[in-house]
Amino acid sequence: MRDSTDQAGLLGRIAGMRAFRIQLVVLVTVYTFAVFGALYYQSQRLLFDSLQAEAASYLDLVVQTRAWNASHGGVWIEKGPFARTNPYLRDLGITADIRTMDGRELTLRNPSAMTSEISRLTFESSGVTFHLVAEDPLNPFNSPDRWESQALAYLATSDAGFTETVERRPGGSAYRYIELLEVDETCLECHGAEGYRAGEVRGGITINIPVADTESRLARTRWTLTGLALVTLGLAVGASQWFVGRLRTRLDEANKRLSEMAVTDELTGLANRRTVFGRLGAEFSRARRTGRPLSVIALDIDHFKRINDRFGHAVGDAVLREIAQRMRDSVREYDLVGRIGGEEFLVVSPETERTDARVLAERILATVRDLPISVGEVQLDVTASAGVATAGKGDARSDDLVARADDALYSAKERGRDRVVTEGEFRRR
């Protein structure tokens with residue numbers, strides 16, 4: 001019954017350790033990917049923050065350029081294949097073309113037209129474009145697309161200074177950034193007739209920045225972080241499993257040590273009192289059931305108190321350890337030797353008649369007596385006394401057997417020590 005209980009406990013511990021390992025792997029996996037996911041998100045955010053800063057810088061440049069143009073009443077440039085007359089200025093009643101005294105023909109570039117031309121130049125060099133948008137533009141080119149209309153409506157009803165998005169397009173994705181554009185006094189020269197008033201918002205400026213390179217860098221970052229996450233995860237799982245393995249080994253060693261301590265006398269390494277009497281009880285029950293012989297030997301070191309008093313407890317402990325080893329070497333494999341008191345020992349000897357038990361006791365006493373015990377520079381001649389008792393039909397409990405062995409030991413002490421006395425050689429007290 002006990003073996004099955006121990007086996008069930010062992011299986012339970014193994015299952016618990018396996019579950020702990022799985023939980024640890026899951027925890028390490030979640031933590032690792034959470035960390036690297038956060039790093040990827042941060043990298044993504046930094047890249048888009050840089051795009052936002054770039055777009056804001058472009059927008060500020062456009063606004064400043066428009067202000068400069070407006071403050072000079074527009075800029076006159078020489079007409080050519082790429083500098084044609086702005087027809088919308090004519091519609092507003094503004095003279096758009098003049099001829100110089102030397103015969104050159106100039107055309108007026110207002111802020112809107114200049115912005116469009118700068119946008120074309122930046123697109124040719126970097127792919128970046130600017131787009132002036134209004135809900136009711138004079139120039140259809142300035143009509144907002146779907147996202148720009150939604151963005152203008154959103155900005156008009158919120159405190160946000162800008163809004164942004166990444167738009168997937170057949171030719172490549174683009175980062176789009178838009179801010180509202182207020183009407184100022186310089187705008188009224190061209191748009192005053194349309195009912196514009198200074199300070200109101202009639203549209204905005206969109207900055208479009210291609211992000212193919214940014215997305216490519218982000219993809220490389222993602223794959224790099226994924227690789228690092230997998231390597232880190234492998235190392236972390238390996239390290240955690242090694243740690244758990246080491247911990248399990250230490251726990252097993254500790255459990256083994258605790259198990260040994262539960263049945264072993266710490267000083268001598270012999271069975272402790274509980275173990276000895278437990279084994280004796282089991283052997284006594286078996287002997288009564290089968291009718292097989294059972295003997296016990298009670299043994300006590302002679303004058304042990306003198307050793308402690310004269311040489312100290314450290315020497316006394318060394319003597320106990322040495323005698324325990326000699327006793328262990330003297331008994332048979334199936335005999336059990338245990339320490340049941342300070343200098344008191346008990347030998348449980350199954351399948352042993354009284355005569356054989358006496359021979360065993362004499363052999364033990366001879367091993368104690370024949371060789372001095374050396375502790376450092378101290379040489380001690382030590383002897384012991386023993387009492388032998390064999391289970392009989394009149395014994396109701398194992399304690400009766402031990403009591404008779406104790407009586408025999410007491411008799412050996414009375415007769416001068418360093419001897420074996422068996423029950424029957426004395427009159428029981």
Side-chain angles (χ1 to χ4, degrees), residues 257-258 260-280 295-332 335-349 357-389 398-423 425-429:
R257 178 60 179 160
L258 289 173
E260 291 175 351
M261 290 175 63
V263 299
T264 305
D265 175 63
E266 185 176 2
L267 177 63
T268 62
L270 299 177
N272 60 20
R273 181 183 181 89
R274 179 181 178 182
T275 304
V276 170
F277 281 99
R279 171 74 177 278
L280 175 59
S295 297
V296 297
I297 303 171
L299 185 143
D300 187 271
I301 300 174
D302 297 330
H303 303 298
F304 185 72
K305 186 175 183 302
R306 295 179 184 176
I307 296 175
N308 278 336
D309 291 344
R310 181 176 179 183
F311 299 104
H313 288 279
V315 173
D317 289 347
V319 170
L320 288 172
R321 285 192 291 267
E322 177 62 26
I323 291 178
Q325 184 59 50
R326 293 184 185 186
M327 292 180 67
R328 190 184 291 113
D329 294 339
S330 300
V331 300
R332 299 165 299 183
D335 295 326
L336 177 66
V337 184
R339 182 185 177 204
I340 60 174
E343 68 273 19
E344 301 173 15
F345 301 87
L346 186 70
V347 179
V348 179
S349 187
R358 180 184 181 88
V359 172
L360 176 59
E362 292 284 6
R363 185 165 66 247
I364 293 173
L365 262 59
T367 61
V368 175
R369 176 193 317 115
D370 290 349
L371 290 175
I373 296 176
S374 299
V375 183
E377 297 180 356
V378 178
Q379 294 279 335
L380 296 172
D381 292 319
V382 182
T383 62
S385 301
V388 178
S398 60
D399 290 347
D400 297 335
L401 182 60
V402 175
R404 294 203 309 279
D406 281 339
D407 288 341
L409 172 61
Y410 182 80
S411 178
K413 293 285 189 180
E414 287 185 331
R415 296 185 184 188
R417 295 180 171 81
D418 190 21
R419 66 189 66 240
V420 176
V421 173
T422 61
E423 59 177 336
E425 295 181 21
F426 64 95
R427 180 173 294 179
R428 189 167 185 178
R429 296 177 280 113

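Taking the side chain as every heavy atom from C-beta outward, Leu270 and Arg328 approach each other to under 4.5 Å. A heavy-atom distance below 4.5 Å is found between the side chains of Leu280 and Leu401. In this structure, the side chains of Ile301 and Val382 come closer than 4.5 Å at one or more pairs of heavy atoms. Residues Val319 and Phe311 fail the side-chain proximity criterion, which asks for heavy atoms closer than 4.5 Å.
Looking only at atom types and distance, the side chain of Arg415 has no donor-acceptor partner in the side chain of Ser385 under 3.5 Å away.
Between atom CD of residue Glu423 and atom OG of residue Ser295 there is a gap of 8.0 Å, rounded to the nearest 0.5 Å. Put simply, CD1 on Ile297 and CG on Leu409 are 11.5 Å apart, with the number rounded to the nearest 0.5 Å. Arg274 CZ to Thr264 OG1: the interatomic distance, rounded to the nearest 0.5 Å, is 12.5 Å. A distance of 7.0 Å separates CG in Asp406 from CD in Glu344, rounded to the nearest 0.5 Å. To the nearest 0.5 Å, the span separating CD1 on Ile307 from CG on Asp317 amounts to 11.5 Å. From Asn272, atom CG reaches atom CD1 of Ile340 across 11.5 Å, with rounding to the nearest 0.5 Å.
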Mind listing the side-chain donor-acceptor pairs of residues 366-377 below 3.5 Å, one per line with the distance, residues two or more places apart or on another chain?
unit_1 : atom_1 : unit_2 : atom_2 : d
Thr367 : OG1    : Ser330 : OG     : 3.4
Thr367 : OG1    : Ile364 : O      : 2.6
Arg369 : NE     : Asp418 : OD1    : 3.0
Arg369 : NE     : Asp418 : OD2    : 3.0
Arg369 : NH2    : Asp418 : OD1    : 3.0
Ser374 : OG     : Gln379 : OE1    : 3.1
Ser374 : OG     : Gln379 : NE2    : 2.7

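The stretch residues 299-309 participates, sequence neighbours left out, in these salt bridge (charged side-chain N to carboxylate O under 4.0 Å, His left out) pairs: Asp300-Lys413, Asp302-Lys413, Lys305-Asp309.
Between Val276 and Gly338 the shortest heavy-atom distance is CG2-CA, 3.2 Å. A pairwise comparison of heavy atoms in Met327 and Leu299 identifies SD-CD2, 4.2 Å as the closest pair. Of all heavy-atom pairs spanning Val420 and Val388, the tightest one is CG1-CG2, 3.8 Å. Here the shortest heavy-atom pairing between Val347 and Leu360 reads CG1-CD2, 4.4 Å. The heavy-atom pair separating Ala408 from Val421 by the smallest distance is CB-O, 3.3 Å. Closest heavy-atom contact between Gly316 and Asn308: CA-OD1, 3.3 Å.
Checked against side-chain contact (heavy atoms from CB on, under 4.5 Å), Ala314 has no partners two or more places apart in sequence or in another chain. For the side chain to side chain donor-acceptor pair (under 3.5 Å) test, no residue two or more places apart in sequence or in another chain qualifies with Arg273. Under the rule for a side chain to side chain donor-acceptor pair (under 3.5 Å), the partners of Glu322 that lie at least two apart in sequence or sit in another chain are Arg326. Partners of Asp399 by side chain to side chain donor-acceptor pair (under 3.5 Å), not counting sequence neighbours: none found.
In this structure, the side chain of Arg419 engages the main chain of Arg417 through a donor-acceptor pair within 3.5 Å.
Of the options Thr275, Thr268, Asp265, a side chain to side chain donor-acceptor pair (under 3.5 Å) to Arg339 is made by Asp265 and by none of the others.
Within a 6.0 Å sphere centred on CZ of Arg332, heavy atoms belonging to other residues, nucleotides or ligands number more than 12.
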